[in-house]
Amino acid sequence: MIYASIEDIWRRKGTDISDTDYVMALLEDAAIIIDAYNRNATDEAKKLVSCNMVIRTLGSREEGVPIGTTQTTTTAMVYSQTWTNANGSGELYLTKLDKKILGVGNRIGYFNPYSDLIQEEESND
């Protein structure tokens, strides 16, 4: 199951998408990742996050400086251009904002294995 369409990607990206098979595969993979984090998120949230994930990956394939570049170097004589991507291999990933949209943001949980013992002692008193 996918949560966004190629048209959704096109509307948000604003350019023509030539490799529709590749985009469909990315949308399918994005759905699997989203479901692993929160299958119960709203359809709108899943659609937005799917689009974000796919557009980031498509941006890492384009010429020029890709989306997610953290460092770049350009020289003029004896031409040289390098950049470092935060998304190094172009894989799909969720940002902190994506996780928050899905309802799985920065939650810190804990479990106290002694809580049952404490409750038992309080009831015995």
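Between Tyr22 and Val54 there is no side-chain heavy-atom pair separated by less than 4.5 Å. A heavy-atom distance below 4.5 Å is found between the side chains of Asp35 and Tyr3. Inter-residue side-chain proximity for Ser50 and Ile2 is flagged as unmet; no heavy-atom pair is nearer than 4.5 Å. Contact of the Asn52 side chain with the Leu97 side chain is not registered, since no non-hydrogen atoms from C-beta on lie closer than 4.5 Å.
Met53 CE to Leu27 CG: the interatomic distance, rounded to the nearest 0.5 Å, is 10.0 Å. For the atom pair CD1 (Ile33) and CG (Leu94), the distance works out to 6.5 Å, reported to the nearest 0.5 Å. Distance check, rounded to the nearest 0.5 Å: NZ of Lys13 to CD1 of Ile6 gives 13.5 Å. The structure places CG of Leu58 at 9.0 Å from CG of Asp19, a figure rounded to the nearest 0.5 Å.
Following chains of ILVMFWY side-chain contacts shorter than 4.5 Å, one cannot reach Ile32 starting from Val104, and the two form parts of different hydrophobic clusters.
Of the possible polar contacts, none joining the Asp29 side chain to the Leu26 backbone as a donor-acceptor pair under 3.5 Å is found. In this structure, Arg56 contributes its side chain and Tyr93 its backbone to a donor-acceptor pair below 3.5 Å.
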List the atom pairs, with distances to 0.1 Å, where a side-chain N or O of residues 37-44 and a protein N or O form a donor-acceptor pair under 3.5 Å, not counting sequence neighbours.
| unit_1 | atom_1 | unit_2 | atom_2 | d |
| --- | --- | --- | --- | --- |
| Asn38 | OD1 | Asn40 | N | 3.0 |
| Asn38 | ND2 | Leu102 | O | 2.5 |
| Thr42 | OG1 | Ala45 | N | 3.1 |

